[in-house]
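I have placed the structure first, in the form of structure tokens, so that the comments after it can refer back to it.
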Amino acid sequence: MSEAKQDAVVGRGMDRVDGRLKVTGMAPFTAEHKLPRLAQAVMVQSTIPKGKIAAIDTAAAAGMPGVRLVLTHRNALRLPKPKPPDAKDQPPPVKLNLLQDDVVNYNGQPIAVVVADTLEQAQAAARRVKVRYAPATGAQAALLDFRQAARHPHRPKDQPDRPNDSNRGNVAAGLKGAAATVDAVYTTPLENHNPMEPHATIAAWDGDSLTLYDSTQNVSGVKKSAARTFGIAPAQVRVICPFVGGGFGSKGTAWSHVMLAALAARQAGCPVKLALERTQMFAPVGARPMTEQHVQLGAAADGALAAVRHASLSSSAVQDEFVEPCTLLTRMLYQAAHAQTSQRLAVLNLGVPTYMRAPGESSGSFALESALDELAYSLKMDPLALRLRNYAESDPDKHLPWSGKALRECYRDAAARFGWSRRNPEARSMRAGEQLVGWGMATATYPANRQPAKASATLLADGTAVVRSGTHDLGTGTYTVMSQVAADALGLAVDKVRFELGDTTLPEAPVSGGSMSVASVGPAVQAACMAVRAKAIALAVADRDSPLYGADPAAVTVTQGWLAQGDGKRDVVAAVIARHGGQPLQADSQSAPGDEKKQYSMHSFGAVFVEVLVDPELGTIRVPRVVGAYHVGTVLNAKTAHSQLIGGVVWGLGMGLMEASELDPPSGRVVNANLADYHVPVNADIGEIDVSVVDVPDLTFNPLGARGIGEIGIVGVAAALANAVYHATGRRVRKLPVRLDDLI
Ligand code: MOS
């Protein structure tokens with residue numbers, strides 16, 4: 001191993017560089033930024049799902065103490081008709097509710113904003129805004145019933161690279177000749193994002209220039225959305241977000257409240273803060289849509305899959321379209337000659353759904369991986385053996401080789417640690433005392449996504465470096481892993497590197513979604529650091545006062561701040577800079593995917609095994625143990641990667657056992673819109689989670705060999721859990737969440 005390699009910090013499980021700031025409460029989250037003359041805003045929401053605002057009386061609210069402005073569709077500035085977004089802007093902007101008319105499309109739609117000196121004054125005044133509705137009735141009444149909307153499925157627009165339909169071979173013929181078949185419908189509920197930090201925005205105008213502090217996964221996306229909304233140049237908008245308390249997809253998009261804060265600031269003539277309450281997280285800022293998925297499988301007696309059909313229907317909104325891409329994994333995960341998939345929408349009067357951790361794969365894998373388990377039982381075959389029997393050596397849909405797939409190793413490692421070979425395949429056959437024991441498994445996969453990104457690196461005279469990119473740290477560890485990548489590329493100790501992110505004045509980076517921040521920003525950071533290091537080397541070898549004068553630049557290494565040549569001659573980076581007037585050295589770089597996507601199919605893979613204990617009398621389900629193994633390419637930080645994966649598994653258990661936003665049928669309002677009634681797992685719900693990675697870099701995908709790791713951990717967990725519940729009880733539950741009332 002070379003000296004440089006021994007010193008490498010990439011891969012090491014180092015602590016978060018922002019950990020101390022976080023635990024001491026010193027990390028400024030959006031709502032904590034202090035601005036002079038800052039006023040507080042509260043958003044008022046509709047209480048009907050569809051209709052018109054017949055009258056809105058703001059006189060009482062406006063007369064309350066401290067109130068500066070009550071904004072409704074009657075007095076809100078008319079905004080310019082927004083220009084169509086650039087197709088390159090991902091995710092595409094959502095149609096917003098910005099008080100431009102009297103139309104109500106869903107319950108919880110923003111219909112007014114109250115601005116006051118204090119939050120309490122704004123809250124009190126918001127309660128005094130009186131609204132009279134003209135609800136839509138009869139044939140025009142709100143659509144709130146999924147089954148009813150499903151009778152008229154809507155065919156959504158195809159997304160770039162991901163059509164809603166796929167077809168290979170002849171599924172009908174394949175099913176006909178099958179020795180065993182499965183034909184089942186799986187459903188998943190509406191779920192809402194519940195990051196610790198709810199959405200929040202502070203907006204401040206200076207003339208026609210707008211500064212937004214916003215809790216977002218996409219500073220540059222918010223900037224572009226604000227420019228389009230207000231008809232100003234993108235250069236007139238700055239978005240700042242140094243810390244995010246979780247996003248999970250809901251903060252990938254600029255929702256109405258962001259622009260309403262800016263509109264209110266404009267009309268109130270002062271900076272305005274608008275922070276959503278927990279309850280306001282359950283309608284106007286996205287949701288994981290409901291799904292109903294019909295899966296048909298046909299296999300030969302030896303388990304070889306002949307045919308797969310996966311028809312997915314997900315809930316969407318009247319306001320705007322969103323497709324849950326549930327069938328993408330079905331297209332590529334198993335070898336099957338005949339495969340047909342489709343994605344359709346049931347359009348409802350609800351808030352627009354959006355991306356939620358592993359959108360598509362998490363809901364889709366519940367259906368596909370449950371169906372495979374059903375097939376395994378009908379074939380009397382081990383569920384893992386069935387998956388190995390149908391292992392896809394190349395992408396069966398795109399007919400491309402994988403950029404890297406160590407899924408066999410994932411199955412092997414996870415099965416060994418779990419003890420899968422000791423499983424009695426028969427349902428209700430295993431017990432621990434009175435409890436029924438169930439063991440289930442599933443495959444996990446998530447696409448390897450990457451987009452263009454920019455970064456800059458600056459070497460300072462004090463021997464430290466500042467590296468910058470306009471990306472985000474959602475709590476995931478971006479500050480830390482980018483500092484590690486930069487330290488190795490610069491040849492500096494990691495504590496000599498400061499990484500800055502979360503500001504549109506920094507070099508542009510993509511949305512921190514789709515598990516692509518590391519894969520996109522990492523190579524840009526690496527390239528900028530290599531470039532600035534080359535500048536330091538060039539300066540040294542041209543410097544008569546340097547011991548390295550005249551050396552071949554290609555032979556100079558940089559480690560721990562020392563430039564060195566093989567013969568023992570060396571110089572300090574800081575000294576080189578000092579001898580040149582102390583002027584910082586800077587390099588800007590960008591990095592983008594090439595055409596490897598046309599030559600390879602690029603995905604992460606994993607295997608997850610779940611043990612459940614079910615009380616035979618009460619139907620209670622406990623999960624003492626989950627074991628997972630994942631192939632995600634190079635791991636940049638063993639500790640943060642481990643946290644990402646176990647966090648995904650925890651959410652998978654929440655999805656499997658707890659989470660559901662319950663709608664009040666006549667009003668379309670979420671009735672459990674708080675953290676007491678909307679259950680997510682707490683420590684007491686979680687047993688042992690044992691995850692590992694198969695450490696094989698994917699250098700075809702990017703120069704770091706690293707794929708994203710934020711989403712794959714949730715994938716397959718709910719299916720493995722439902723499969724374990726079947727193994728324990730003999731009861732096949734085809735709906736999420738699996739609850740005790742399904743078992744008694
Ligand atoms: Mo992720 S759901 O793309 O933030």
Side-chain angles (χ1 to χ4, degrees), residues 89-94 159-162 188 190-199 214-222 225 241 243-255 258 281 285-289 291 314 322-326 328-329 351-366 444-451 453 471-478 501-502 509-521 602-604 632 640 643-645 647-652 654-655 659 661 680 707-718:
D89 294 345
Q90 290 298 329
V94 172
Q159 300 295 309
D161 291 344
R162 39 166 68 183
T188 64
L190 192 71
E191 294 174 6
N192 282 94
H193 308 72
N194 274 290
M196 287 296 287
E197 182 205 22
H199 291 261
D214 188 37
S215 183
T216 178
Q217 297 168 234
N218 193 1
V219 286
S220 64
V222 171
S225 285
C241 181
F243 292 96
V244 185
F248 311 117
S250 74
K251 294 175 181 169
T253 301
W255 298 99
V258 179
M281 300 289 288
V285 288
R288 195 198 291 282
T291 74
S314 61
F322 177 82
V323 189
E324 186 76 8
C326 288
L328 299 185
L329 83 167
V352 184
T354 194
Y355 314 90
M356 188 194 279
R357 206 169 196 174
E361 280 73 18
S362 32
S363 308
S365 64
F366 171 63
T445 187
Y446 193 77
N449 295 318
R450 182 181 175 197
Q451 280 185 15
T471 183
H472 322 83
D473 193 325
L474 315 180
T476 46
T478 312
L501 53 68
V511 56
S512 286
S515 294
M516 70 184 161
S517 289
V518 153
S520 308
V521 179
M602 303 187 286
H603 297 262
S604 282
V632 292
T640 54
S643 294
Q644 285 270 52
L645 289 171
V649 171
V650 168
W651 196 338
M655 186 179 188
E659 281 194 60
S661 300
V680 297
R707 305 189 198 118
I709 203 166
E711 307 188 64
I712 191 168
I714 188 177
V715 182
V717 177

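Note: hydrogens, waters and symmetry copies are ignored here, and every other heavy atom, side chains too, is used. We count ligands from 1, going down the list as the structure has it; atoms in each ligand are counted the same way. In this text the structure is predicted, and so the values were computed from the model without any measurement.
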Check the pair His199 / Ser250 against side-chain hydrogen bond (donor to acceptor under 3.5 Å, both in side chains), numbers first and verdict last. CA-CA 9 Å; His199 291 261; Ser250 74; 3.3 Å; yes
Lining ligand 1 at under 4.0 Å, by non-hydrogen atom distance, are residues Gln217, Phe248, Gly249, Tyr355, Met356, Arg357, Pro359, Gly513, Gly514, Glu711
Any sub-3.5 Å donor-acceptor pair from Gln217's side-chain atoms to Gly249's backbone N or O? yes
Counterpart residues, salt bridge (Lys or Arg N to Asp or Glu O under 4.0 Å), relative to Glu191 (two or more places apart): Arg288
Decide yes or no on side-chain hydrogen bond (donor to acceptor under 3.5 Å, both in side chains) for Glu324 and Thr291, but give the supporting numbers first. CA-CA 8 Å; Glu324 186 76 8; Thr291 74; over 6 Å; no
Using only atom types and a distance under 3.5 Å, with no angle test, would you say the side chain of Thr216 pairs donor to acceptor with the backbone of Lys251? yes
Expected output: side-chain Glu659 to main-chain Gly654 donor-acceptor under 3.5 Å: no
